[in-house]
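These figures come from a predicted structure and were not determined experimentally. Just follow the structure's listing: the first ligand is 1, and inside any ligand the first atom is 1. Any value given below was found using the heavy atoms of this structure, including those in side chains, with hydrogens, waters and symmetry copies removed.
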Amino acid sequence: MFSLDKLLRDNIRKAEAYSSARDEYEGSEGIFLDANENSLGSVTDPPYHRYPDPLQRPLKEVIAAIKRADVKNIFLGNGSDEPIDLIIRMVCKPGIDNIIIMPPTYGMYQVSAAINDVEVKKVPLSDDFQIRTEAVLEAADEHTKIIFICSPNNPTGNSLKVKDIEEVLNKFNGLVVIDEAYIDFSRHIGFVPRLKEFPNLVILQTLSKAWGMAALRLGMAYASEEIISVFNKIKPPYNINGASQSIALEGLRKVLSKEMMVEQILTERERLKDNLQGLPVVVKIFPSDANFLLVKTTGGKAVYEFLIERKIITRDRSSVVLCEGCLRITVGTPDENDKLISALKEYK
Ligand SMILES: *Cc1c(COP(=O)(O)O)cnc(C)c1O
C-alpha cells in the first residue's frame, strides 16, 4: 500500500509553511499595509509593486480547464526544474535515499539528485528505447523513493509503452514521476486523466515546448491533492513571478494558435525526416513523438562541429549511452530545416 506519510522525510512532514502576507489576508480590496511593498507604485509599466498570488489561482483555473484536471491537483513551478528539485527534497534523505532513472534521458533528474546528495541508480532503456521493467523493479531497494520516467523521452523522442509505465506504477511503492514535457506533440493523451488511479503518480508538463513560453519558466506538476499540498508547503512563497503569471494567462487563451503551431511542427518533422533519410551522413533516424529528431550520423561530434561552422546549432548526444553518433535536432522553421538539409548534404 502506498503511503505518502511514510514516504515523506520527517523534517518535511513536520515543517510548517512560511505564511506570507498574501496568505494571511486573501481579499483583493482594501488598504494594503501588510507586505512592505512600495505603496506609491512601481518604476515599471505595467506596475509590479504588489507581490503576486502565491498559489496562482487564475492561471491554474485556465490550465485546469485546458487539461481537464482539477485545480487542487495542480502545482506550478518555476520551470519543470522546480518540481523536479522539490519532489526529490520531499522524500529523499540526503546521503541515504536514492532515485532510479533510465538513461538515455533528461539530464535534470540526475543534476537535482546530485545537488541534494541523493544517489542515482541507472537502469538504461532497452536497445529500442523502452523500459526494462523487470530490471527497474529489481533495482529498487528500501531506499529508492522515486522512479523518473520521461515519455515522450528526451533525447530519444519516442513514447514509452503505456503498459510498462502502468506496471511500474502498480508495483513500485514510492513516487513515479512521468515527465510529459513533449506530450502535446504525441498521439498519446498522457496520464493526467488517470491521476485518480495512481496515488503515487506525479506528472510533469511544461509551457516551454508546444506553448512556446520557455522564457516565462512555467512547469506544471499534477498529482493527488495530498502530494500537491506538500509541494505548496515546501515551495518558495512567491515561486511564480507576477509577470509570468499575467503573460501566461494571456498566452493560454490562444489554444488554437498553439494547436496550429503543433500541426505545423509535426508536418515539418515528417518533411525533415524524409529529406534527411538517405543522405550519406545519416545512418538512422529514430521514431519521434516530440518536436525533435534523434539522428544517428556517420560522424557524431564531427558532424556537430561541421554544422556549428555553418552556424547551425544542434545538440551533440554522441557520447550518451545508446546514442553513439547521434545528434538531437529540434524541428525548425521550413527555412531553417532547408538550410540544415543543404548543409548536411555537403558533409563528407
Ligand atoms: C524541455 C524539457 C523540460 C522543460 O523544462 P522547463 O524547466 O519546464 O523549461 C522538462 N522535461 C524534459 C524532458 C524536457 O526535455
>> By the definition side chain to side chain contact (heavy atoms under 4.5 Å, CB included), identify the one residue from Leu249, Leu207, Leu76, Leu216 that meets it with Ser244.
In response: Leu216

> Can you list the residues that meet the ring pair (Phe, Tyr, Trp, His ring centres under 6.0 Å) rule with Phe185, with sequence neighbours excluded?
Replying inline: none

>> What does the 4.0 Å heavy-atom contact list look like for ligand 1?
In response: Gly79, Ser80, Asp81, Tyr106, Cys150, Asn154, Asp179, Ala181, Tyr182, Thr206, Ser208, Lys209, Arg217

> Could you give the distance from OG (Ser257) to CH2 (Trp211), rounded to the nearest 0.5 Å?
Replying inline: 8.5 Å

> Taking the inter-plane angle between the rings of Phe148 and Tyr109 on a 0 to 90° scale, is it parallel (under 30°), tilted (30 to 60°) or perpendicular (over 60°)?
Replying inline: parallel

> For the residue pair Tyr238 and Tyr51, does the interplanar ring angle fall in the parallel (under 30°), tilted (30 to 60°) or perpendicular (over 60°) class?
Replying inline: parallel

>> Are Phe292 and Tyr182 an aromatic pair, judged by ring center distance below 6.0 Å?
In response: yes

